[in-house]
2 protein chains.
Amino acid sequence: MLAVLLTSCITHPGVKLLIFEETSKPMKKVLKKIVPAIDEKQQLKALVEELREKIEIKARGYDERLYVRLLGSSARDTWLRDDKDIDFFLFFSEEYSKAKMEEIVTHIGRHVLEHSEKHYAEHPYIRGAYMGFDIEIVPCYAVSSPSSMLSAVDRTPFHHDFVIKRIEGKENDVRLFKQFLKGIGAYGAEARVEGFSGYLCELLIIKFGSFEGLIEHVSKMKFGEVLGFGNIDKEKVKKFRGDALIFIDPVDANRNVASALSRQKLALFIHASREYLKKPDEKFFFPEKRKIEAKFIVLKFRKRSSEIIALSFHSPVVIDDILYPQVKKTLKNLSKQLKLHGFSMLGGSYHVEKKITILFELESLKLPEAKLHIGPGVASVHENKFLEKYRKGERALCMPFIKDDRWAVYVRRKFSSAEKCLEHAVKEGLPRHILAAISKNYDIYTGGEVFERIDIKFLADYFDPIFSWEY
Amino acid sequence: MLAVLLTSCITHPGVKLLIFEETSKPMKKVLKKIVPAIDEKQQLKALVEELREKIEIKARGYDERLYVRLLGSSARDTWLRDDKDIDFFLFFSEEYSKAKMEEIVTHIGRHVLEHSEKHYAEHPYIRGAYMGFDIEIVPCYAVSSPSSMLSAVDRTPFHHDFVIKRIEGKENDVRLFKQFLKGIGAYGAEARVEGFSGYLCELLIIKFGSFEGLIEHVSKMKFGEVLGFGNIDKEKVKKFRGDALIFIDPVDANRNVASALSRQKLALFIHASREYLKKPDEKFFFPEKRKIEAKFIVLKFRKRSSEIIALSFHSPVVIDDILYPQVKKTLKNLSKQLKLHGFSMLGGSYHVEKKITILFELESLKLPEAKLHIGPGVASVHENKFLEKYRKGERALCMPFIKDDRWAVYVRRKFSSAEKCLEHAVKEGLPRHILAAISKNYDIYTGGEVFERIDIKFLADYFDPIFSWEY
């Protein structure tokens, strides 16, 4: 702990020691919870050695040149006590086909791990368990530099090499940072979170020297800030324009380590940092469980006097990194359809559990039958078609008339009820897995039904949003 | 009549005689109604001579050099039987002050006319009656050319001189055209109509040779068409860009004779021309009285299932050319206010009689209490002010939350009822005379009340628009 404070003070001489003394109180408590005990570390070390050997023996049965490395947080002592992820990388020479690598790694997994399962990122890898730990075995190519890599995972060894040389003495700062992000819901680069990857956490701690140095910096951060080590090539940075945060990968200047970070999550982190500096509290790291009184949430909703409609269906069986983008796209597409048909939206949100809920808050679930339809210019080439269609047409609610220099007519809306509009919109134009799930079955709830059927924590977050450290 | 047909055929050799034979039937009937009988013309001539002399004698009592001219349609035999307007112009030399001219012309009017009244256009002139005719006496400067004119009315003698030399034999075409415009509601350049002035009618007939030649041309007219006599200076035309029709004044190339014509009225005229060519009918010139069944109009409204709200107040005592622009501006401003406060408008209209009505058709007269308010960026300089205001504020319906990279909060609307919104909006920002009239008293009607209180012809035109020739 002292080492942490010392580093911070050296890196940021302007920062008052006073703050650190205050912040150190919750940090001490947090560190006790998240730093593995010495015997836990020893247990991990022993287990890793045992498993590494088992994997390597199996691998060398195929090819003497194959070798295994432990990478990731467990290799750098930056793992959190409750996150027992152990990542082995199996290195192949470049002559191996991806199919062959998959075959070998699958075989090894089946023999060495419990519940071994194939997973797919850019390429297949194996997940399983060993003595209660979550294990991954990732096949990769042994390349001499990141520039000659054949797959994204080939970069990982270089990440490890970069971090391991610089992280010593700052491991617990990484742990604090990771736990802080977990607490506020911004840890992880996966689509479900759109937050900070473990590697990004380590780079940020290396960059700012300590957890507090980082928090101090972030509390004044602007969107689109460019971070990195050494000189930054301004030309290369251009392509990351629009990203919430740009951290040039020290092993590959063409890559933004923070590319998966959303503006929403960076904003949340910036705000949390500012609030933490004002009033450091363990709750930022370990939020309390939100206490929800359904009656109170309903009251919050009633006070808005808006109307709600929710689409609910069984979640398709597909990994989160595919599911979440599709759910977000569904919310976006359906919102667009509702707006297109004239419904005014106050807001919308989604919730994923066994069932997926897409919630819309509207000004009204009903619209008048009539809408104004502006047609072609008077005496334009399209005039005749327009007049023929609407002088007799079913849809017209009056005769066409002239408005300025154009034709206009009041026509019957396609959908005057939001429910009908949604029922139509879910039939097409939605992402594949969502469309398939909805085609099996779905429900639409409105008003009070929503509160009977939909997860109250989700509705509380929507109608009564509070930050996790304020629970 | 024959002369008319002949001229048309010569000017537009491609036009089939057949059309003219058919159109000639309604035109013959119309001409019978609108061309003054020979004895009427003689009566007018005698009266004009008598009055001209009276005015001149009075004028020369002041100054021997003053002289009187009869200008306008009665001087060019293009007047309609029912429009007995007689316009005298009294010519002053340039040494006269406008005040002196006003004094003299007022004095003459008082002695020569019945019910003589001062009116104001760009400058004062006298209106009164004489033997059942409407008389105007307009003071102007005797200038040698339009370029040296001191007031807009100084141009009128030159207009007269231009037309009188070219209109012979086409007087009845002018009458037909004027009556056609009257029938469809587009005759007159005044703000109430925004249509065609008498002078523009004459120029168009001179340009296209006949009523039918004109109708034929207009049926294919495009907006922004540039007309004139002789070469047209393209540079000078530029400043009229955006005008519905450009007719370069033959006596002043810097002036568009059609500048007062709205796109709405030109579109109406173009459409009427096309319909007239398809099926010539006396109804274009003399529409029937619209037969309105209130029950049927209410039904039309109910089918739209929209909501209506009407503002009604006593019309201020002010000339139409001031009143109408102010009424239009009122409709525009109040529409803007309603939209600004979140009300979705399907349409709006106004009606001027003893009382003025401003009508709005809305999707709903009620809005939910809540609206989404997007605030400053997270960590921006305005953040603190925003958070302070909405964390405790009366208006917030939830705690501020982060939306992408900005703060957001649901707040109570200022007006969730259109009635309250209008009541507030009529208090300021409206044109002077309207504001004064409303400050005395006004009513707001909604739904069924509107049909009880507001002119049914106006509501019929709004909810069941049909063209006057289809009545």
Side-chain angles (χ1 to χ4, degrees), chain A residues 218-223 244 262-268 270-271 273-274 300-301 303-307 342 344-347 361-364 366-372 377-380 383 397-410 412 416 461-467 470, chain B residues 218-223 244 262-268 270-271 273-274 300-301 303-307 342 344-347 361-364 366-372 377-380 383 397-410 412 416 461-467 470:
Chain A
V218 167
S219 71
K220 290 161 192 154
M221 188 175 252
K222 296 269 167 284
F223 286 84
S262 67
R263 299 181 88 77
Q264 175 84 29
K265 286 297 160 80
L266 178 59
L268 174 66
I270 293 173
H271 180 60
S273 299
R274 292 158 76 94
K300 282 270 176 191
F301 162 60
K303 273 193 181 165
R304 290 155 88 123
S305 69
S306 53
E307 306 204 51
S344 300
M345 259 183 81
L346 272 84
E361 185 182 14
L362 304 176
E363 274 181 20
S364 172
K366 290 272 171 207
L367 286 176
E369 284 295 325
K371 70 165 186 174
L372 179 64
V378 168
S380 72
E383 178 182 274
L397 288 163
C398 68
M399 290 296 276
F401 57 96
I402 294 171
K403 191 175 163 72
D404 291 328
D405 52 6
R406 306 189 75 84
W407 284 102
V409 64
Y410 285 93
R412 217 178 283 281
S416 63
D461 286 344
Y462 182 82
F463 287 108
D464 185 28
I466 36 179
F467 292 106
E470 291 167 344
Chain B
V218 167
S219 71
K220 289 161 193 155
M221 188 175 252
K222 296 268 167 285
F223 286 84
S262 67
R263 298 182 87 76
Q264 175 84 29
K265 286 297 159 80
L266 178 59
L268 174 66
I270 293 173
H271 180 60
S273 299
R274 292 158 76 93
K300 282 269 176 191
F301 162 60
K303 273 193 180 165
R304 292 155 85 125
S305 68
S306 53
E307 306 204 53
S344 300
M345 259 184 81
L346 272 83
E361 184 182 14
L362 303 176
E363 274 182 19
S364 172
K366 290 272 171 209
L367 286 176
E369 283 295 325
K371 70 166 186 173
L372 179 64
V378 168
S380 73
E383 178 182 273
L397 288 162
C398 69
M399 290 297 275
F401 57 96
I402 294 171
K403 192 176 163 71
D404 291 328
D405 52 6
R406 306 189 75 84
W407 284 102
V409 64
Y410 285 93
R412 217 178 283 280
S416 63
D461 286 344
Y462 182 82
F463 287 108
D464 185 28
I466 36 178
F467 292 107
E470 291 166 345

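Values reported hereafter were calculated over all heavy atoms of this structure, with side chains retained and with hydrogens, waters and symmetry mates removed. Every chain is numbered from 1 and lettered A, B, ... according to where its sequence line falls, protein lines coming before strand lines.
- Of the possible donor and acceptor atoms, none in the side chain of B:Glu369 sits under 3.5 Å from a partner among the backbone N and O of A:Arg304.
- In this structure, the portion of B:Lys222 lying under 4.5 Å from any heavy atom of chain A is its side chain and not its backbone.
- Most heavy-atom pairs under 4.5 Å with chain A: of the set B:Ser219, B:Ala267, B:Ser364, this distinction falls to B:Ala267.
- Contact record, A:Ala370 with B:Leu346: O-CD2, 3.2 Å, taken as the closest heavy-atom pair.
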Report task. For A:Glu383 and B:Arg274, run side-chain contact (heavy atoms from CB on, under 4.5 Å): C-alpha distance rounded to whole Å, both residues' side-chain angles, the deciding distance at 0.1 Å, then the answer. Result -> CA-CA 12 Å; A:Glu383 178 182 274; B:Arg274 292 158 76 93; 3.3 Å; yes
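- Heavy atoms of B:Ile466 lying under 4.5 Å from chain A belong exclusively to its side chain.
- Neither the backbone nor the side chain of A:Ser262 comes within contact range of chain B; no heavy atoms are under 4.5 Å apart.
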Query raised in the report: Are A:Met399 and B:Phe467 close enough, and set up right, to give a side-chain contact (heavy atoms from CB on, under 4.5 Å), and what steps lead you there?
Result: CA-CA 9 Å; A:Met399 290 296 276; B:Phe467 292 107; over 6 Å; no
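- Nearest approach of A:Cys398 to B:Pro465, heavy atoms of both residues: CB-CD, 3.8 Å.
- The greatest number of non-hydrogen atom pairs below 4.5 Å with chain B, out of A:Asp404, A:Val378, A:Asp464, is found for A:Asp404.
- Distance check: B:Phe401 CZ to A:His271 NE2 gives 13.0 Å after rounding to the nearest 0.5 Å.
- Minimum interatomic distance between A:Asp405 and B:Phe223 (heavy atoms only, all atoms of both residues): CB-CZ, 3.3 Å.
- If you measure heavy-atom distances from B:Tyr462 to chain A, the contacts under 4.5 Å come from the side chain alone.
- Neither the backbone nor the side chain of A:Glu307 comes within less than 4.5 Å of any heavy atom of chain B.
- Both the backbone and the side chain of A:Lys303 come within contact range of chain B, with heavy atoms under 4.5 Å apart.
- Here B:Ser344 contributes atom OG and A:Leu372 contributes atom CG; the two are 12.5 Å apart, rounded to the nearest 0.5 Å.
- Between B:Ala379 and A:Met221, the closest heavy-atom pair is CB-O, 4.4 Å.
- Proximity to chain A is limited to the backbone of B:Phe463, based on heavy atoms less than 4.5 angstrom apart.
- Between B:Leu268 and A:Ile402 the shortest heavy-atom distance is CA-CD1, 3.7 Å.
- Atoms CZ and OG, from A:Arg412 and B:Ser305 in turn, are 9.0 Å apart once rounded to the nearest 0.5 Å.
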